Each structure stands twice: as C-alpha cells, then as structure tokens.
Q: 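Please find one structure pasted underneath; my questions will follow.
Treat the numbers as computed from the prediction; the structure is a model and nothing was measured.
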Amino acid sequence: MMPKQVRCSCSHPPSPSASPLRGFCAAPCFASSPPSHCPFSSKAGPLLPSSLCVGRAGGGGGGGRRLHATSSVALSSSLTAVEAQDNLSDALKKLKITAIDSTADSLEGCLDCLLQALAQNNTETSEKIQKSGILQVFASLLTPQSSCTAKVANIIAEVAKNEFMRNSCVDAGLIPPLVQLLNCKDQEVLLQTGRALGNICYDSHEGRSAVDHAGGAQIVVDHLRSLCSKTDPANEKLLTVFCGMLMNYSNENDTLQSQLINMGVIPTLVKLLGIHCQNAALTEMCLVAFGNLAELESSKEQFAYTNIAEEIVKLFKKQIEHDKKEMIFEVLAPLAENDIIKLQLVEAGLVECLLEIVQKTVDSDKEDDIAELKTASDLMVLLLLGDESMQKLFEGGKGSVFQRVLSWIPSNNHQLQLAGALAIANFARNDGNCIHMVDNGIVQKLMDLLDRHVEDGNVTVQHAALSALRNLAIPVVNKAKMLSAGVAEAVLKFLRSEMPPVQFKLLGTLRMLIDAQAEAAEQLGKNVKLVERLVEWCEAKDHAGVMGESNRLLSALIRHSKSKDVIRTIVQSGGIKHLATMATSEHVIMQNEALVALALIAALELVTAEKDLENAKLVQILHRLLSDERSAPEIKYNSMVLICALMGSEPLHKEVQNLAFLEVVSKLRSHENKTVAQQASLTEQRLAVES
C-alpha cells in the first residue's frame, strides 16, 4: 500500500502522518537570526503631551517605539529650580487643604504650579505628589463642570509617565472619573483624559484592568468611529491620542486585543488610515495599532474584509525613509499570513514594490539596505505561501515575477539565493508547475546553487535548495528526468552534513526520487556509505524528523528495489532493528511501510536476516499489532502476510507457535474489513497446517 506524497514545510518538518496536502516553504526558523528591526517587539511607550511625535526611545533596551513631545502648557522659564520646588510644596499644601472649597482661580494657580514643576523635573515632582496624598483629591476634581478638569487630567498624564505612579493612580480611584470624562464634549478634556488613561495603562496590568472594568475602551472605540471622518488638526490630534490609548491598553494582551476586535475597532482603524493618510502622526499611530492587533488570527479575518491591503500598499509606495518602511513591513508580515490578504496584497501591487526594493538594495553594504533586502525578499516568499497568490504570480511560468525570482538563484547574494530557492519550492506546490519548471531547466540552476554551498556552505541555502528539489521530484514524470540530470549524486554530497534541517531535506529528496524507480532505488540501496548513514540517523532521537525520514528511506530502498543486494546491504549495516521498531510507530503510514519492507526481506533473504529479525523481537511486535483493536486494517493485513513469510525460519516459526497466534488470527476472520477477514482465513490455515 503506497503512501501519498506530501510537499512539506521547510521550517518545521511534518510528522509522517501529516495530511497529504502540498506544503509550504518559508525561511527556516533553525537558522534565522533575530531581526535587526522590530518596532513592535517591545511595548510602545507612554503617550506624552498633546504635540505628539514618534521616535526612538533613548537609553532603553528592546528598540520599541516610544511617543514623546514637549509640554502642551506654555510655561514661564523665569523661575529658578529652587523657587519652583518651593512653589510646588506650597501648591500641594493648598490643594490638599482647600481643594473642596477653593475658587477655580486659586485651584488653577496651584495646578499650573504642579505642571511647571513636572516640566522641570517630572520624576522628583511625581514622587512629591505621591507622598503628599494629593492624588485622592484629584478624583474629586475630575468633573465635567469644573474649568480645571483638563489641567487635572494633564497632571495625571504627566505623573503616569513614571512606572511607580501608575498603580498609585489606580489606587487613588482616578480611573472611574477619568472614564466618565470620556463622555464629555470638551475636546481639550478628551485629549488630556485620553493621555492620562493611555499612560496609566502603559505596561500596567492594574491600570488596564481598571480601565476595562470601567468600560473605557468601548467609549474610546465609539469616539474613533464618530470622529473618523473629521480632518481638522485638533480632531486629528485627538484621534492620535485615542489610538495610542487603545494601543497601550491592549499591547501584548490577547484578551484585551480580542475585546477591541470584537468591538469592531479594525474597520475603523483602516478607515482612519485611508482618510488621514496625510497626517504623519496619526498614520504612524494607526500602523502601531495594526502591529499590536495583527498577530491574532481573529484580527486577520477582520482585516481581510477591509481594504487594508490597498491602503497599506498605497502608503508604502509613498515612503522614502527606512524607518517608515520598516514600520509598514512589521504590519505586513503578520497580515500576509492570511491567504485572503496575501492575494489582496498581490493584487494591490505589493510585489512590484518588493522587487523594486530588492533591485535597489542588492548591491549595497549599508546595514539598513541589507535589512530592507532581507525583509522584502522574505515577505515575497511569504506571499507565495497562498495557493491563489502563488498561482497568480506564476502565470504559467511566464510571469515577470517568476522570471525575476529565477534570476535570484545564480546571484552572489546569499539572501537572494535563499529567497529564490524558497520561492521555487513554493511555486512547486502542484504538479503542473513542477513539470513546467523541470522542463525549463530549473533543476540545473538548483544543482549549481548546491554546488556553491557544498564545502562550508550556507545551511539555510542548502536547506532551501533541497526543499525545492524535493517538491519538484513529486510528479511521476519528473523523477526519471531529475535522476538523469544527476540530482541524486548532487544530493549525496551533503551526506556528511551535521545539520538536522539539511539532513531532513536530503532524506526527503532521495525518498521522492526513488519512488517507483527500481534502478535508482537499487543503486542507492547498495551504497554502503548511504545505508550506514541512514542507520546512524535512525537513532537520532533528538531530531524526530531526521529519525523518521531515515527509517522511511531505509524502507523505501527495499520496497522500490525489491533487490536481494539492497536487503543484504541493509542487514549487514544493522538496519533490521530500525525497521522492526518502525513497525510500532504511532503513524500508520510508517507502520505500513515497515511491514511491507520486512515482508520483502522475509520473502527474499530470510536466512540472511533471520538472526536480526529474532533479535529485534519482530514476532512479539506482530502479535501485539494483531491483538490491538486500534490497529488499522492494513496493519493487521500486512502483519499476517509477514507472519506467513516468517514461518520459513525454524527459530521464528517456534516463536510464532509459542505465542499462540492461532487464537488471535481466528478472531480476525469476522473482521468488518473483507480483505483482513480473507487474509485471516489463509493465515489460520497456514498456522494450523504447520503447528
């Protein structure tokens, strides 16, 4: 019973029982270096006062984007630091004593003093505010009717820039009144309230929980939806703050991200990006928000029903600066994991943008250009993972994109070689494409590439090229052509490799090549170095993929060659015990392949293999397989065929008699599978005659 062939992923070798779907090839994770640009990998920083700009955080690790700005309050610079601190102490005392009964004017003077002190030394001032206990007083001042409300919210936003103040703000009961202020109409109050809530939520579980409990996220989402179409500067500033607040609220928190998605924030953010594409700050904040949400599968489904692909490609085409392209790349990567969005991005013209980047950066030695080349080519490969997007770009093998990718393979740039080979592996996901590519000379290009990486070569390129050859070898009509071209010999050059991903693809390529190719299977099966290496890899317990593929190739050499010479080579190399163990695999396909190979051994070279079969306790294994109700019909059938074949050996025959097989087999005569039942009758007769 022949197993179906699968085209499998480069990054994670599938289990041998994987569904017979054509697989995908992406940049292999085993050799990936950490990206040199990852703006969303660490938490985005707190929102600062109203004139927002985006830049790199200074002095911090992680490379995350932080939002910073100058104070929104016009402050006098005439006071010395000592005078300011004296005024601060006075203001704190006055606020604490007279906040309830004081007039608006006197309150505003105290609040201005606090803002000025915060502007001069935020951390020290925040510590004094915390010790004074004035935060509890602020809760009573956060009312829509008060003219001081915006300044109080501004002060809270400023102190919440400090990590040690966020829980204090929550404990002082500031979240509920701040959330209530989101319902007011005053734009300045809304702006400062959004800042305050956003800063309190930054990297604070307590802050996020309090905002969640008070229902703040839904109100902000509703504001974004209602204000989305207004393009005046003040409104765009408010929209920017609200986007930032939601980002800090949900960053790296799947539960809160899912909540926002369920609230319908994604279509609103996409609409914002389209309407306000001329506003750099708001556009950038939308991108940060997309990056925050796009990792969730549920978000990709929502994004797929918007025009995100069109908008983001339109935005990408306008970018000149590396940092801005980098931000868009970080959004594109997770979005492009969705097959619908892949096709939308291809139709929106992203591929042409990526090819242009490759052309511009391929010969550059600048760090930014090298990073951009890698990201663009990796993203190109990612777009080819979708069946529809891949086929659209292949265009019957005549597409300009396909032709450009072909030109990457002979390149001297390792990144382009890698991307080119992976792209070919992904184009080779259906028989029609594979046949066309083999007929048009792709095999020689891949072998030439492998030749350049035999001695101390690039492991990722080796892995990618072998992946492409493996996929190309699946169609029956390609096997003989590829064998004639010398693919088996080219692949065997990597037999010395100590890299499991290369070993895995080498084994898979050889197994595909010899399928139903008796002459090639015999030639390889008599190769002592190959067989000894396979036996060695059959014990690679730390690398399940390599171990599984080694066993399968060992079995395939016997099944496809049906050669006594091959069997003797495998017996002499110690391969029998591994085939016996393979028969106990959790994967039916591997069990079956092992049983068929063992049956051929028993039929063709039983005397040679007798001792090894005995030592491998094969008879006991067969008894367990036949006794186990969970064994698949084909396993029971082939186990009985093998039992009959083993009866020709006296010591193995005795083992069969001692284990009372007759009783087990007689029960199978009533098996629901007619083929199994018929074989049970034949086996029972054989056992009865020779008992």
Q: With sequence neighbours left out, what residues match Glu539 under salt bridge (Lys or Arg N to Asp or Glu O under 4.0 Å)?
A: Lys577
Q: Return a table of donor-acceptor pairs under 3.5 angstrom between the side chains of residues 607-617 and protein atoms on other chains or two or more places apart.
A:
| unit_1 | atom_1 | unit_2 | atom_2 | d |
| --- | --- | --- | --- | --- |
| Thr608 | OG1 | Glu605 | OE1 | 2.3 |
| Glu610 | OE2 | Ser649 | OG | 2.6 |
| Asn615 | ND2 | Lys611 | O | 3.4 |

Q: With sequence neighbours excluded, give me every ring-ring contact (aromatic ring centres under 6.0 Å, His included) pair touching residues 372-396.
A: Phe394-Phe402, Phe394-Phe427, Phe394-His436
Q: Could you give all pairs that pass the salt bridge (Lys or Arg N to Asp or Glu O under 4.0 Å) test and reach residues 660-671, with sequence neighbours left out?
A: Arg669-Glu684
Q: Under the side-chain hydrogen bond (donor to acceptor under 3.5 Å, both in side chains) test, which residues partner Gln417, sequence neighbours left out?
A: His453
Q: Salt bridge (Lys or Arg N to Asp or Glu O under 4.0 Å): which pairs involve residues 480-499, sequence neighbours left out?
A: Asp439-Lys481, Asp451-Lys493, Glu455-Arg496, Glu498-Arg533
Q: Can you tell me which residue pairs pass the salt bridge (Lys or Arg N to Asp or Glu O under 4.0 Å) test with a partner in residues 389-400, sequence neighbours excluded?
A: none
Q: Identify, with sequence neighbours excluded, every residue that meets salt bridge (Lys or Arg N to Asp or Glu O under 4.0 Å) alongside Lys636.
A: none
Q: What residue pairs, at least two apart or across chains, pass ring-ring contact (aromatic ring centres under 6.0 Å, His included) with a residue in residues 588-646?
A: His623-Phe661
Q: Going by the salt bridge (Lys or Arg N to Asp or Glu O under 4.0 Å) test, which pairs reach into residues 400-414, not counting sequence neighbours?
A: none
Q: Residues two or more places apart in sequence or in another chain: which of them pass salt bridge (Lys or Arg N to Asp or Glu O under 4.0 Å) with Asp628?
A: Arg630
Q: List for me each residue that meets salt bridge (Lys or Arg N to Asp or Glu O under 4.0 Å) alongside Lys445, sequence neighbours excluded, and say none if there are none.
A: none
